[in-house]
Amino acid sequence: MAAAEQIFPTFPQPADEQARLAALHRSAALDHAAGPDFLFLTELAARLCGVPYAFIALVDAERTWTRACVGLQLDSLPRSQSYCAWTVLGETLTEFPDTLADPRSAGLALTTAAPFVRRYSAVPLRTSEGHPIGTLCVLDSRPGGLTPEQRDMLARLARQVIALIEARANEAALRQSLQRLEELATTDELTGLHNRRSLLHRLKFEVARARRFRAPLAAVMIDLDHFKRVNDEHGHAMGDKVLAAIGKLIRDNVRVIDVAGRYGGEELCVLLPNTPREGALKMAETLRARVEALVHMDGARRVPVTASFGVGAFDHMGVDDADSLLRAADEALYRAKQNGRNRVE
Ligand SMILES: Nc1nc2c(ncn2[C@@H]2O[C@H](COP(=O)(O)OP(=O)(O)OP(=O)(O)O)[C@@H](O)[C@H]2O)c(=O)[nH]1
């Protein structure tokens, strides 16, 4: 620990400290580097106030993180070493016109070492709920203070900074909800696989891509064997559990570019882009063995579950339409059922 940190181990805390920290983390301002918009506002602050140094600071629980620094390179300071720890206490501007003359600022690192700051003026960055999450500050190595007009401009710039921070946070939250909505709209809730609509949508896309790049494309149709018996003997809830477990098994065993979906009821389908028939047969055989090996328990009773697999494929020279790919996989699945189930055709 630096000597300065030992001399000033504590710092003042605003009354709303916990809510303030929560607001800081909600704003996600600490997660991003400040972009050119923030730098522009600090440059403007320095110029309007006629000082060489300016930065935006985010005051976290223990540290003050600086962003968009003008005139100096600074990453972070212990909160106990930062002028900004005082600014977040105030409603409006906090000013040390001569840092050496004020016991709150005289011993701080930026005062006693380069750049030997002698003057500090800052406005808290208050969120729209009123919590001060940081500051916009201007500094100089000569003593002095801001004119009323400069104070007013600094306060206005601070409002622009917080508006920018909040706009970014709203944008990120919106992106997240859209992503979640998209997931909900394309995922089958029980198996976690693509739902039928999404699977067919992806199929069209993959067929178009295979045609365009003359690449092979395979589809594996999977149907659980005698699944009606599982439902009849162990109940529908157990049937659902089995389907969910097999959905997870498939998700865990396909490549990221493969598309696994629930085609309907207990029929599942995996699209394998860039995969010729032999590769798809191999992959299906691996899955078949894993489905058979998966243990499902109904209380103390084991519920044996197997599945039949049908492979349809286009080689790179003869990409046909989506329907015929599925039809080929379906016909192969039918043969697998006819030839005794728990097999790949
Ligand atoms: N628990 C549960 N059962 C489902 C679901 N979707 C379809 N099923 C059941 O799956 C069974 C399918 O039965 P069938 O089409 O006769 O075929 P099967 O018994 O699997 O026999 P084969 O396919 O010929 O091996 C029916 O009992 C459906 O009710 C589901 O979401 N949950």
Side-chain angles (χ1 to χ4, degrees), residues 13-14 16-77 79 82-96 110 117 119-140 146-181:
Q13 290 203 356
D16 66 343
E17 177 67 3
Q18 288 315 313
R20 192 191 73 74
L21 288 175
L24 172 63
H25 291 124
R26 262 198 315 278
S27 79
L30 285 169
D31 305 343
H32 311 287
D37 297 351
F38 288 96
L39 193 58
F40 173 69
L41 292 172
T42 32
E43 274 168 0
L44 212 53
R47 210 175 285 182
L48 287 169
C49 298
V51 297
Y53 313 125
F55 55 79
I56 291 166
L58 300 165
V59 181
D60 200 359
E62 296 291 336
R63 292 192 84 77
T64 293
W65 302 89
T66 52
R67 296 283 190 271
C69 297
V70 169
L72 76 176
Q73 284 296 326
L74 204 57
D75 176 51
S76 75
L77 282 169
R79 188 164 163 186
S82 118
Y83 310 114
C84 303
W86 296 98
T87 309
V88 291
L89 297 182
E91 271 303 312
T92 53
L93 181 117
T94 292
E95 190 158 72
F96 299 121
L110 293 183
V117 169
R119 140 190 191 194
Y120 165 95
S121 310
V123 177
L125 299 173
R126 286 190 179 277
T127 62
S128 38
E129 293 153 334
H131 301 298
I133 61 170
T135 66
L136 172 63
C137 29
V138 291
L139 313 88
D140 199 346
L146 298 183
T147 64
E149 198 185 6
Q150 286 171 327
R151 289 173 172 228
D152 180 51
M153 290 310 288
L154 195 64
R156 286 206 220 172
L157 286 176
R159 283 200 290 278
Q160 291 301 312
V161 172
I162 199 75
L164 207 52
I165 290 175
E166 294 195 329
R168 278 193 171 184
N170 290 340
E171 214 177 279
L174 196 64
R175 257 202 312 274
Q176 253 180 9
S177 345
L178 282 176
Q179 204 178 333
R180 180 78 195 113
L181 267 178

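Just so you know, these numbers use all the heavy atoms, side chains as well, and skip hydrogens, waters and symmetry mates.
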Distance, nearest 0.5 Å, that separates [atom1] of [X] from [atom2] of [Y]:
X    : Y    : atom1 : atom2 : value
R126 : R159 : CZ    : CZ    : 12.5 Å
D60  : R79  : CG    : CZ    : 8.0 Å
I133 : I165 : CD1   : CD1   : 4.5 Å
S121 : D140 : OG    : CG    : 9.5 Å
L136 : I162 : CG    : CD1   : 10.5 Å
R156 : M153 : CZ    : CE    : 5.5 Å

- Message: Run the salt bridge (Lys or Arg N to Asp or Glu O under 4.0 Å) test against R26 and tell me which residues pass, sequence neighbours left out.
- Response: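 If we apply the salt bridge (Lys or Arg N to Asp or Glu O under 4.0 Å) test to R26, skipping adjacent residues, the hits are E129.
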
Which heavy-atom pair separates [X] from [Y] by the least distance, and what is that distance?
X    : Y    : result
V59  : L24  : O-CD2, 3.5 Å
R67  : L30  : NH2-O, 3.0 Å
P132 : V88  : CG-O, 3.4 Å
L125 : A158 : CD2-O, 3.5 Å
L146 : L154 : CD1-CD2, 3.9 Å
W65  : S76  : CE3-CB, 3.4 Å

Between [Y] and [X], is there a side-chain heavy-atom distance shorter than 4.5 Å?
X    : Y    : value
T94  : T135 : no
T87  : V123 : no
Y53  : V138 : no
L139 : Y83  : yes
Q160 : L44  : no
C84  : Y120 : yes

- Query: Counting only N and O atoms by type, is there a donor-acceptor contact under 3.5 Å from the side chain of Q150 to the main-chain atoms of L48?
  - Reply: yes

- Polar side chain donor-acceptor pair, S82 to T64, under 3.5 angstrom: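 Yes, T64 and S82 have a side-chain donor paired with an acceptor closer than 3.5 Å.
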
- Item | Ion pair check, E17 and R20, cut-off under 4.0 Å |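 Looking at E17 and R20, the cut-off is met.
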
- Task: Mind jotting down which residue pairs meet the salt bridge (Lys or Arg N to Asp or Glu O under 4.0 Å) criterion with at least one end in residues 27-38? Sequence neighbours excluded, please.
- Result: none

- Apply side-chain contact (heavy atoms from CB on, under 4.5 Å) to L72 and T66, showing your working. CA-CA 11 Å; L72 76 176; T66 52; over 6 Å; no

